[in-house]
Amino acid sequence: MNKLLYSLVLFSICALSCIDHDFDAPPQVTDDIGFQPNSSIAALKTKFVAGKFIDITDDLLIHAIIVADDKSGNFYKTLVIQDSTGGIELKINRTGLYANFPVGMKIGLRCKGLTIGDYNGLIQIGQGTYQNGNFTNLSGIEDALVDRYVFKGPRNQVITPKKRTIPALIAQDLSTLIQLDDLEFIRSDTGKTFADIIGKNPSNLLLTDCAGNEIILRTSDFADFAGNTVPPTNGSIVVILSKFKSDAQLYIRTINDIQFSKPACKGGSGGNGALINILDLRKLFTGTITNAPDLTKIIGTVISDRVNQNTTSRNLQLQDQTGGITVRFSANHSFSVGDQIEINVSKQELSEFDGLLQVNNVDLLNAKKLGTLTVVPSKKTIAQIVADFENLESTLVELTDVAISKSSGASYSGTCTIKDASGMMDLYTRSAALFANDNFPTGNVKIVGIVTQGGAGLSKQVAIRTTSDVSGGGTGGTPELISLKDIRATFLGTITTVASNKKIRATVISDKDNMNTTTKNIHIEDASGGIVVRFTVDHSFSLGDELEINVSNQELSEFSGLLQVNNVPLANATKIGTNTIIPVVKTIAEILNNFESLESTLVEVSDIAISKASGTTYSGTCILSDGTGTMDLFTRSQASFSGTNFQTSKVKIVAFVNQGGALLSKQLSIRKITDITP
């Protein structure tokens, strides 16, 4: 789970008593601000220079609305203000700001004489600086000078939060009010408090959506809701978006910003009973029939497959982050691989059948589906499985370089022997399995299977769910050539393994020589599309090299949103010639609207204006605009041309479509300085 920004300083080192929430209510402001704006927050932010504190000398006048104050204690000597162009933190050296500057008040900000800077990348406006050890920090506006710069306007102004999803958050959302729907806290954080009020420490909790994207919620231990319990449910949250270095962080203003009233999609309370993890449930077994405690439930993901019938129709294997267990129902069930289910195991029997621990005779009414989830198998050798069998029982494992054999016959049915360099164990298939009579492949293969036990000798076994759990092997023939479009289509949204006996053929469109890609990565393109290949070591392939790469059983995964064939041995790639890829002509709008199909391909965009929040060099993120839209141009600081100043006139750009950064920014990346022409 994606997976962005820099952090808001919520508080300084200070005793709890330094924040006094008791103030006389000020008189209501009825007058307007007294001056008209001539600038905006977005324009103010263009004065920012990374790593510096810049005094504002222009007479910039801004109108904005306060979207966060310090009333709850979750913000300290800080107001967050927002206009139609963006938001920014306003630092004021005073506590109890909410008494005079509450959420919803419109204010005027006279910026001349103030200072703009940042804390770990989050832009702030204050006045002057101070030293803290070796570090220079932005000072807040001194109390006596506030009225010179901040002008009160009418109260009860409304800023409607922008609705966003975690993957859709962008830099322009920083220090603004946003709403995220269908979120919940990860299971391991539910039941905690929002911050450590005993040890007096702030806390980072993880929020997740139902697709597994995660983001941090940070809470000060000075917040008046710090001791509240984290809910196990799902719903909407209204927050200020912030960042700390490369991490996106969210801050709520009050506990009422969290409205979680729906059942969790990834677990949570889901009914009566205390949630117990599967490992702790297994530990309750005494070696003979044992009953689980009253008012107890477990949540896990089904890793067995009833459809292909290599488990009985009343059994399933269930796995959570701590371990796995077999559940035997009192009747046939209908749960499928990947179903995340909650099971009430109150007073249920824990017992062994042929050595396999199970929760026995569970009523189907005790189980309900919460959602779907993918369990990634743990990579093990046979020796590791045998040595740690009890902890791995009823979990999903992956074995590589395994040979399958059988004393008689060549079908899966019954007991086969699997062998790797570390040892041997059984591969068991029920005769009722739909694939029982299929022949297993010869040669070394990769196996994904469930660790199980059974038979008269209580044999330690692995059981596959379907023949697609076995990949590779065969007769050692020539791998099948597949297109990059087809390999991209096999990606399941989580770590995916390319099928066995496959290869790709494509042309390198990135350039190692000018170092705007890492030395292990290449972007390649064929007639159908593009993809990134990440090698296990540095490569020597050049722009224009045509390569053939064996991708059999390689990992397909995303890094910062960018799809890649990961950890490819360099020996799998062979140069077979040279080729020239002609970039396709696109507008920025067309790139953004067709991003997935254009990712890692070469494009040409004309009539482009280049700008930057600070500085004039390519290094880092520049903004491209062509009249149809805007997107980022990203250049690594290591690139040979990173320190070159970009042109101020409109240009034509040839670049590959890229993605990355903490915000999973949609980007273009040039290979060399000559990719930009007048």
Side-chain angles (χ1 to χ4, degrees), residues 2-3 246 482-485 487-488 490-491 495-498 502-526 528-576 578-579 581 583 591 595-603 618-621 632-642 653-673 675:
N2 74 29
K3 7 216 143 198
S246 61
I482 59 172
S483 70
L484 297 188
K485 179 181 179 181
I487 196 172
R488 290 183 69 93
T490 65
F491 181 59
I495 293 175
T496 306
T497 301
V498 180
K502 304 294 181 185
K503 66 180 179 181
I504 54 178
R505 187 178 296 153
T507 302
V508 179
I509 61 169
S510 52
D511 178 21
K512 67 173 178 62
D513 295 332
N514 282 287
M515 299 167 58
N516 204 20
T517 55
T518 67
T519 51
K520 291 182 179 179
N521 285 16
I522 54 171
H523 292 254
I524 58 174
E525 184 175 350
D526 67 8
S528 70
I531 202 165
V532 171
V533 175
R534 181 169 177 81
F535 295 105
T536 54
V537 296
D538 293 348
H539 70 85
S540 59
F541 300 117
S542 298
L543 176 64
D545 284 352
E546 188 176 13
L547 306 181
E548 189 170 273
I549 306 174
N550 188 330
V551 292
S552 303
N553 304 319
Q554 294 297 143
E555 175 189 306
L556 268 180
S557 58
E558 286 185 335
F559 180 81
S560 293
L562 187 68
L563 185 61
Q564 60 182 8
V565 188
N566 193 27
N567 288 328
V568 178
L570 198 56
N572 283 26
T574 304
K575 178 180 174 180
I576 59 174
T578 58
N579 193 17
I581 295 293
I591 294 170
F595 188 82
E596 288 301 321
S597 61
L598 290 173
E599 187 181 81
S600 295
T601 68
L602 206 59
V603 296
Y618 286 105
S619 184
T621 301
D632 291 347
L633 175 73
F634 180 75
T635 302
R636 300 175 70 226
S637 59
Q638 299 93 329
S640 62
F641 51 85
S642 64
I653 295 178
V654 173
F656 56 84
V657 180
N658 203 4
Q659 189 169 8
L663 279 173
L664 309 186
S665 167
K666 294 177 171 62
Q667 308 167 344
L668 294 181
S669 292
I670 61 174
R671 292 86 49 86
K672 48 192 175 181
I673 198 66
D675 279 339

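Side-chain atoms are counted along with the backbone in the values below, which use heavy atoms only and exclude waters and symmetry mates. The structure presented is a predicted model; accordingly, all values stated were derived computationally and were not measured.
- Contact record, Glu548 with Arg505: OE1-NH2, 2.6 Å, taken as the closest heavy-atom pair.
- More than 12 heavy atoms of other residues, nucleotides or ligands sit less than 6.0 Å from atom CZ of Phe595.
- Annotation: the span from Ser669 atom OG to Asp511 atom CG amounts to 12.0 Å, rounded to 0.5 Å.
- Between Leu668 and Ile591, some side-chain heavy-atom pair lies under the 4.5 Å cut-off.
- Arg534 and Asn521 share a donor-acceptor pair across their side chains, judged by distance under 3.5 Å alone.
- Side-chain contact between Ile531 and Ile524 is present, with at least one heavy-atom pair separated by less than 4.5 Å.
- Atom-to-atom distance recorded for Leu543:CG and Ile522:CD1 is 11.0 Å, nearest 0.5 angstrom.
- Here the side chain of Arg671 pairs a donor or acceptor atom with the backbone of Ile509 at under 3.5 angstrom.
- Between Arg488 and Glu596, the shortest heavy-atom contact is NH2-O, 3.2 Å.
- Listed for the Asn516 side chain is a donor-acceptor partner under 3.5 Å among the backbone atoms of Arg636.
- Expressed to the nearest 0.5 Å, how far CG of Asn658 lies from CD1 of Ile670 amounts to 12.0 Å.
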Show, in sequence, the C-alpha distance, side-chain angles and deciding distance for Ile504 and Leu484, and conclude whether the side chain to side chain contact (heavy atoms under 4.5 Å, CB included) test is met.
CA-CA 7 Å; Ile504 54 178; Leu484 297 188; 3.8 Å; yes
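- Of the possible polar contacts, none joining the Glu525 side chain to the Ser600 backbone as a donor-acceptor pair under 3.5 Å is found.
- Expressed to the nearest 0.5 Å, how far CG of Asn566 lies from CD of Gln554 amounts to 8.5 Å.
- Asn579 and Glu546 share no side-chain donor-acceptor pair at under 3.5 Å.
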Could you walk me through whether Leu570 and Phe541 pass the side chain to side chain contact (heavy atoms under 4.5 Å, CB included) test, one step at a time?
CA-CA 10 Å; Leu570 198 56; Phe541 300 117; 4.0 Å; yes
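- Minimum interatomic distance between Phe641 and Lys672 (heavy atoms only, all atoms of both residues): CE2-CA, 3.7 Å.
- Ring orientation note: the planes of Phe535 and His539 are tilted relative to one another, at an angle of 30° to 60°.
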What's the verdict on side chain to side chain contact (heavy atoms under 4.5 Å, CB included) for Ile549 and Val565, showing C-alpha distance, side-chain angles and the deciding distance?
CA-CA 10 Å; Ile549 306 174; Val565 188; over 6 Å; no
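- Ile487 pairs with exactly one of Val551, Thr496, Asp526 by the side chain to side chain contact (heavy atoms under 4.5 Å, CB included) rule, that one being Val551.
- Judged by distance alone, the side chain of Ser642 and the main-chain N or O of Ser637 form a donor-acceptor pair under 3.5 Å.
- Taking all atoms of both residues into account, the shortest heavy-atom contact from Ser557 to Glu555 is OG-OE2, 2.8 Å.
- The CG atom of Leu547 sits 8.5 Å away from atom OG1 of Thr574, with the distance rounded to the nearest 0.5 Å.
- Put simply, the side chain of Asn550 gets close to the backbone of Ser552: a donor and an acceptor are under 3.5 Å apart.
- Panel note: side chain Ser510, backbone His523; a donor-acceptor pair is recorded below 3.5 Å.
- The distance from atom NZ of Lys512 to atom OG1 of Thr517, rounded to the nearest 0.5 Å, is 9.5 Å.
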